[in-house]
There are 2 protein chains.
Amino acid sequence: MSTAEQTPGGEDVAWGEVAPEAARRLLVAAVEAFAERGYHATTTRDIAGRAGMSPAALYIHYKTKEELLHRISRIGHDRALEILRAAELREGAASDRLADAVRSFVRWHAERHTTARVVQYELDALGPEHRAEIVELRRETEATVRRIIEEGVAAGEFDVADPSGTTVAVLSLCIDVARWFNVQGRRTPDEVGAFYADLVLRMVGYRAQK
Amino acid sequence: MSTAEQTPGGEDVAWGEVAPEAARRLLVAAVEAFAERGYHATTTRDIAGRAGMSPAALYIHYKTKEELLHRISRIGHDRALEILRAAELREGAASDRLADAVRSFVRWHAERHTTARVVQYELDALGPEHRAEIVELRRETEATVRRIIEEGVAAGEFDVADPSGTTVAVLSLCIDVARWFNVQGRRTPDEVGAFYADLVLRMVGYRAQK
DNA sequence: CCGAGATCTAAGCGCTTGCTCAGCTTCGTT
DNA sequence: AACGAAGCTGAGCAAGCGCTTAGATCTCGG
């Protein structure tokens with residue numbers, strides 16, 4: 001039952017790598033604003049205001065509004081990929097590793113749904129070069145999940161006719177958690193993660209041997 | 001194998017109820033622009049331009065840009081709900097009706113992915129009253145799927161611990177097809193629909209009796 | 001053939017946007 | 001004590017936004 005990523009506490013705990021402090025405050029403010037209203041509906045004045053600064057201060061730390069989005073997207077995608085790779089490299093059966101991957105991946109999307117919403121749904125707002133960079137990360141994300149599923153098929157654990165198609169469906173299901181998850185909802189991120197791990201094992205045709 | 005909604009042909013075939021012709025052209029142009037760039041990144045000049053008209057012409061047929069989005073969203077949600085209700089009211093086992101619902105619902109989201117993208121992902125851009133109206137339609141959508149699943153559980157066809165949670169997951173999976181579906185992709189809308197119907201039957205723990 | 005209503009355009013209004021810049025303050029180093 | 005770099009602000013620019021208005025054109029019943 002050991003899964004990665006246990007981060008209680010404030011919304012900006014996860015952005016420790018962003019320095020200096022003013023730049024981090026601006027980035028956290030941007031995440032909140034982008035998640036609430038969307039990238040294009042967010043003004044630089046709004047971001048600066050949330051960070052308690054004047055509109056001009058933003059441009060000391062970031063060249064453009066798009067660079068802010070890119071930094072958020074990059075860090076988020078790195079983290080998501082890291083979570084999946086950690087699960088992939090663990091010891092054990094493919095079914096255990098797949099369940100682990102889904103559990104921690106979904107938990108991240110629920111716990112950090114504000115960030116995840118920006119990371120997963122504002123891709124089109126990136127400029128061409130930045131988007132290409134992120135798309136490459138997403139390819140690796142997909143490849144990681146596909147590898148686990150293919151290993152499960154090879155080991156006879158899973159019953160999957162189309163591993164690629166199933167991978168797309170599984171990731172789509174997990175990612176979309178960021179869209180509907182509500183903090184006021186019935187379930188905690190942990191519970192949703194466990195529930196989704198079970199759903200995904202069903203999708204790949206895994207039968208628990210009792 | 002009989003499922004609803006078979007609409008080949010041009011992108012504006014589905015908007016027959018919108019009259020007069022200029023209003024329909026504007027609406028189709030808006031769907032394309034919103035799907036490509038997102039609501040907030042789309043200008044009224046762009047919409048009018050795609051429809052081959054001057055910027056001012058838009059305001060003869062629609063009071064605001066938001067009203068355009070509302071009309072699109074309303075028609076799309078009506079259609080989606082109609083598809084699910086048709087499947088619910090059909091004769092047969094719950095598993096057949098659920099598979100049918102998913103198959104036609106997913107096919108619509110793949111075939112009309114441009115429209116569906118706007119319908120499903122631009123909800124937040126609606127004004128408060130319009131959003132409330134659409135949210136109500138989505139509640140009914142969810143209730144329809146939940147009813148089928150609950151009937152399957154009651155009939156002993158499905159093995160589902162949490163029908164509400166499963167309903168959310170199933171709809172989330174199906175809706176997200178609109179985001180990733182690509183016309184150039186390997187699979188046709190029909191194939192994706194069939195594939196997803198199978199996945200969903202697995203998710204609800206249905207065992208085919210051979 | 002007329003005239004009223006519907007449809008459309010050219011021009012542009014008022015406002016907001018992303019972003020810039022001159023100058024003020026703060027602060028670590030000498 | 002003096003200084004230069006870095007952080008930040010107030011003011012504001014050029015461009016683009018949603019939307020309006022005055023008037024030209026089209027349509028069609030009488």
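Each chain gets a letter, A, B and so on, in the order its sequence line appears, and its residues count up from 1.
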Starting at [atom1] of [X] and ending at [atom2] of [N], how long is that distance when rounded to a whole Å?
X     : N      : atom1 : atom2 : result
B/R25 : C/dC8  : CZ    : P     : 7 Å
A/H61 : D/dG7  : NE2   : P     : 6 Å
B/L58 : C/dA10 : CG    : P     : 15 Å
B/Y62 : C/dC8  : OH    : P     : 12 Å
A/Y39 : C/dG18 : OH    : P     : 8 Å
B/M53 : D/dC26 : CE    : P     : 15 Å
B/R24 : C/dT7  : CZ    : P     : 14 Å
A/L68 : C/dC19 : CG    : C1'   : 13 Å

Item to complete: Keeping the roles fixed (side chain from B/E66, backbone from B/G127), state whether a donor-acceptor pair exists under 3.5 Å.
Response: yes
Worksheet entry | Donor-acceptor pair, side chain of B/R131 and main chain of B/L126, under 3.5 angstrom | yes
Worksheet item: If each of A/I60 and B/K65 is mapped to the nucleotide of DNA chain D with the nearest heavy atom, which maps nearer the 5' terminus, i.e. the 5' end?
Response: A/I60
Closest to the [X] side chain, choosing from [options]:
X     : options               : value
B/T64 : C/dC19, D/dC8, D/dC19 : D/dC19
B/A56 : C/dG18, C/dC8, C/dA10 : C/dA10
A/S54 : D/dC8, C/dT9, D/dT9   : D/dT9
B/R45 : D/dG7, C/dT9, C/dG12  : C/dG12
B/A57 : C/dC8, D/dG10, D/dG7  : C/dC8
A/Y59 : D/dG7, D/dG18, C/dT20 : C/dT20

Item to complete: Examine A/H70 together with A/H130 and report whether their ring centres are nearer than 6.0 Å.
Response: yes
Worksheet item: For B/R107, which of B/D190, B/T188, B/I83, B/V177 qualifies under side chain to side chain contact (heavy atoms under 4.5 Å, CB included)?
Response: B/D190
Worksheet entry | Presence of salt bridge, A/E17 and A/R79, under 4.0 angstrom | no
Discussion item. Classify A/T43 by what it touches in the nucleic acid, base, sugar-phosphate, or nothing, heavy-atom distance under 4.0 Å.
Written reply: sugar-phosphate
